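For reference, the structure is listed below as structure tokens.
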Amino acid sequence: MTKQITVENLNARAARRRLLSRRQVMIGAAGLSFAVALGVDRYASGAVLGTERTGKGLSPWVNIAEDGTITIMSPATEMGQGSMTSLPLIIAEELDADWSKVRVVPAPVIEAVYGNPGFGGMMYTAGSNAVTSYYRPLRIFGAQVRRVLIDNAAKKLGVPAEELSTEPSVVVHAKSGRKLSYGEIAAFAEVPDKAPEVKADALKKPSEFRLIGKDVPRVELPGKVNGSARYSIDVQVPNMLYGAVLRAPVEGSVPDKIDDAKAKVIAGPVQIVRLPYGVGVLADTPWAAFEARRALARSVTWSRTGTAWGFDSDKGMERFAADAKDPTRGATEWSRVGDARGELLKASSGFEAEYRCDYAYHAQMEPLNAIASVSPSGDAVEIWAGTQSQTTATEAPAKLLGIARDKVKLHDMLMGGGFGRRGNRDVDFIIDAVLLSKEAGRPVKVMWTREDDVENGRFRPISAHYLKAGFDPSGKLTAWHHRIAVDRVGPYMDPVRYQQTGGKDFIAMLGGEPRGYDVPHQLVEQLYRDTGVRTNPLRGISFTANKFAAETFIDEIAVKHGIDPLKFRLELLKKTPRAVTVVERVAEMANWSKKRDGRGLGIAFIDYSGSQVAGIAEISVDRASGQIKVHNFWCAIDCGVAVQPDNVVAQTESSIVYGLGMSLSERITIRNGVVEQSNFYDYRVPRMNEVPAMHIEVIATDNHPTGVGQMATPLIAPAISSAVMQLTGVRLRHTPFTSERVKAALG
């Protein structure tokens with residue numbers, strides 16, 4: 001089955017939602033407890049976002065109150081991707097809950113219960129793996145609670161449990177016509193010491209789903225629309241100070257000399273605090289803290305420690321590219337199938353190409369911020385923050401203060417975007433608040449400005465790619481060799497995991513192999529380079545760079561051999577039926593064979609962690625300015641069971657826009673170790689009038705669900721590069737495709 005949502009569909013849906021009246025928005029008394037009734041059956045009132053669980057605990061995941069309210073814990077953090085709805089929805093499906101009676105509450109930081117199986121039990125939301133990792137366990141948890149309810153109802157009604165069934169929030173004995181609501185059962189339920197065993201084959205079949213696969217409204221959206229949603233930046237704590245931090249311009253540097261005379265004359269009391277990585281400012285207002293910090297910036301000198309001193313990103317890229325191409329430069333094996341080296345030596349013909357990708361910034365809309373309140377004795381801390389990792393957000397402060405983790409209380413808040421930035425190794429923005437609160441003896445709210453966020457960002461690493469292909473006498477692609485020279489990520493942000501995996505940097509290398517394509521001999525090699533620059537996962541992780549190189553290379557091979565790029569991919573994918581389906585479907589959506597005057601089409605396919613995604617870009621190029629205009633983008637995605645199809649579409653649209661920026665304009669440059677950009681005027685994200693019409697089709701299957709949050713992002717650059725090639729005959733091999741680079745390529 002397919003779900004096609006075009007721009008026209010979206011406009012109609014938006015118009016329907018605009019019929020919402022004030023009386024249809026029901027706001028509860030408990031802060032974030034509300035529901036929205038949209039006047040359309042499939043958008044009927046649903047679950048609400050709550051703050052505390054209520055009723056009897058039938059499992060660590062589910063409480064049921066006598067009034068029928070069902071509290072379901074959400075282990076994932078909400079940063080706009082919908083996990084706070086999709087994961088409780090999975091439990092509710094197997095529980096057979098009435099969704100309108102569900103209250104969703106953020107889970108406490110208890111990894112043994114709520115940890116993400118995809119991250120070794122950490123409470124961590126990243127990599128588009130929340131639904132994938134939690135899907136089976138949550139279904140079992142929901143089915144176990146349903147079993148407990150049925151067993152209790154059987155005792156109460158004096159009938160065998162096998163004679164009972166459930167309807168939404170009701171246990172039914174069909175033979176006698178008697179029913180017990182879940183709330184009624186909660187009043188007398190006895191909870192077993194051990195959860196009942198539920199085997200996988202006892203779970204619902206997809207054809208029986210009432211909630212999964214339906215367009216259920218997200219629980220946090222009404223508050224975002226009416227302004228009642230609370231982020232950590234909204235929180236006010238009694239007796240609170242405001243903090244700002246002047247950070248070292250180069251990673252690894254420390255304050256040398258601090259002249260704070262000018263900073264202290266700012267209106268209002270100001271306190272200056274030396275930090276291990278910079279200088280903190282405490283003041284009664286945020287404006288005083290920012291002003292004092294600006295004064296400090298002109299009077300602090302820094303040590304010249306840190307690897308990045310003297311580093312120039314443009315020169316560094318040249319070195320990376322030279323190393324990737326030079327076979328004498330040592331590399332380690334990332335992945336291998338067959339004997340690529342041997343096959344390349346005896347290949348009838350060959351082809352090679354190089355690609356480059358610049359540093360990129362996360363650009364989440366809500367700048368980093370946190371509140372910390374360290375106890376007077378320093379033996380406990382309370383934190384308000386939006387974080388992608390509840391584990392790290394409690395572990396790091398505990399380690400810093402030398403206290404037990406259970407002395408760290410985290411209020412897990414909504415986030416205005418994450419994209420990997422709010423899940424780094426040391427949650428730097430939270431550490432700022434903890435250190436300053438400890439020094440002040442009072443609660444402190446630290447807010448980063450946009451300039452702080454850009455200049456002190458943790459970036460997608462630069463990378464250079466050298467690829468070689470070998471062909472047999474018939475022209476069949478038989479060998480693939482991809483050498484990736486990349487700034488390290490894993491050793492910097494997660495050294496423990498890096499060591500545990502034998503020195504493989506997953507965050508830098510995933511996607512380097514031509515997964516899904518029938519290439520019998522493959523070799524991908526990693527050449528790690530340590531520039532000293534702060535790096536981090538960014539939406540699409542390494543797929544954005546590695547698939548740009550791999551997919552553009554596939555396209556170049558097709559053009560070299562005079563084969564239609566669509567047909568070439570379909571031939572290589574013939575052993576992967578799901579991939580063939582998405583590629584064929586996106587070609588139909590875009591009418592691939594139709595010629596457009598003054599416009600070019602480019603196609604890309606990715607198997608991203610099991611999600612099959614294909615996209616086609618339609619572009620034009622202004623040769624005078626070098627500006628690329630993307631007019632349309634078509635995308636087909638098979639993510640297995642689509643838990644929330646409407647949200648899959650929304651996330652795919654978001655992924656496309658994000659990829660558009662990284663493909664055309666978003667670029668961080670570094671001179672002498674210092675970031676040159678500072679705000680959105682020189683780090684340019686897409687404007688609304690630059691966003692193309694997007695046509696998304698979700699191909700729902702019964703396969704285990706895979707990710708959707710970032711899967712379309714890596715499609716954009718290779719699709720645009722190939723479209724430009726089709727239109728102009730010129731190949732673009734360095735992202736982003738800035739107007740200057742396009743003009744230079746066009747000559």
Side-chain angles (χ1 to χ4, degrees), residues 26-37 44-75 84-85 87-108 110 113-114 138-196 198 204 210-211 216-217 219-220 222-223:
M26 309 302 294
I27 304 177
L32 293 178
S33 297
F34 47 78
V36 175
S45 295
V48 299
L49 187 57
T51 56
E52 296 180 0
R53 65 180 92 194
T54 59
K56 178 172 289 186
L58 298 186
S59 85
W61 292 89
V62 177
N63 283 45
I64 301 180
E66 293 183 25
D67 65 359
T69 299
I70 301 171
T71 302
I72 299 180
M73 309 308 290
S74 176
M84 188 165 277
T85 302
L87 298 187
L89 190 79
I90 294 166
I91 294 177
E93 179 67 77
E94 292 294 341
L95 174 59
D96 217 2
D98 179 344
W99 186 246
S100 69
K101 298 182 184 299
V102 170
R103 182 185 299 271
V104 176
V105 173
I110 306 174
V113 177
Y114 304 109
L138 293 187
R139 291 185 68 191
I140 290 173
F141 296 150
Q144 287 173 331
V145 175
R146 177 176 175 271
R147 184 77 242 176
V148 169
L149 290 166
I150 287 176
D151 288 345
N152 276 276
K155 292 179 182 178
K156 184 73 171 179
L157 298 174
V159 299
E162 292 72 22
E163 291 185 2
L164 298 176
S165 61
T166 57
E167 297 173 354
S169 285
V170 177
V171 175
V172 179
H173 186 241
K175 288 185 177 181
S176 65
R178 290 177 293 172
K179 297 182 179 182
L180 287 173
S181 72
Y182 286 3
E184 289 174 319
I185 299 171
F188 60 80
E190 295 180 0
V191 182
D193 294 333
K194 183 180 179 181
V198 175
K204 286 185 179 181
R210 291 188 305 101
L211 299 172
V216 175
V219 298
E220 94 287 0

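Numbers here are sequence positions counted from 1. Quick caveat: nothing in here was measured; it's all calculated off a predicted structure.
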Do [X] and [Y] make a side-chain contact, defined as non-hydrogen atoms from C-beta onward lying under 4.5 Å apart?
{"X": "Ile90", "Y": "Phe141", "result": "no"}
{"X": "Phe188", "Y": "Leu180", "result": "yes"}
{"X": "Ile70", "Y": "Val62", "result": "yes"}
{"X": "Leu58", "Y": "Gln144", "result": "no"}
{"X": "Asn152", "Y": "Glu190", "result": "yes"}
{"X": "Arg146", "Y": "Val198", "result": "no"}
{"X": "Leu87", "Y": "Trp61", "result": "no"}
{"X": "Glu220", "Y": "Val104", "result": "no"}

Is the backbone N or O of [Y] less than 3.5 Å from a side-chain atom of [X], with the two atoms forming a donor-acceptor pair by type?
{"X": "Tyr114", "Y": "Pro60", "result": "yes"}
{"X": "Thr71", "Y": "Arg53", "result": "no"}
{"X": "Thr85", "Y": "Val219", "result": "yes"}

Looking at [X] and [Y], does any basic side-chain N land under 4.0 Å from a carboxylate oxygen?
{"X": "Glu184", "Y": "Lys156", "answer": "no"}
{"X": "Lys101", "Y": "Asp67", "answer": "no"}
{"X": "Lys155", "Y": "Asp151", "answer": "no"}

Working for side-chain contact (heavy atoms from CB on, under 4.5 Å), residues Glu163 and His173:
CA-CA 6 Å; Glu163 291 185 2; His173 186 241; 2.7 Å; yes
Applying the side-chain contact (heavy atoms from CB on, under 4.5 Å) criterion to Leu138, which one of Ile91, Ile72, Leu89 satisfies it?
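Exactly one option meets the side-chain contact (heavy atoms from CB on, under 4.5 Å) with Leu138, and it is Ile91.
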If only side-chain N and O atoms count, and only distance matters, is there a donor-acceptor pair under 3.5 Å linking Arg103 with Thr54?
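Not at all, the side chains of Thr54 and Arg103 share no donor-acceptor pair under 3.5 Å.
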First locate atom CD of Glu162, then atom CD1 of Ile150, and finally report the distance between them rounded to the nearest 0.5 Å.
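Output value for this atom pair is 9.5 Å.
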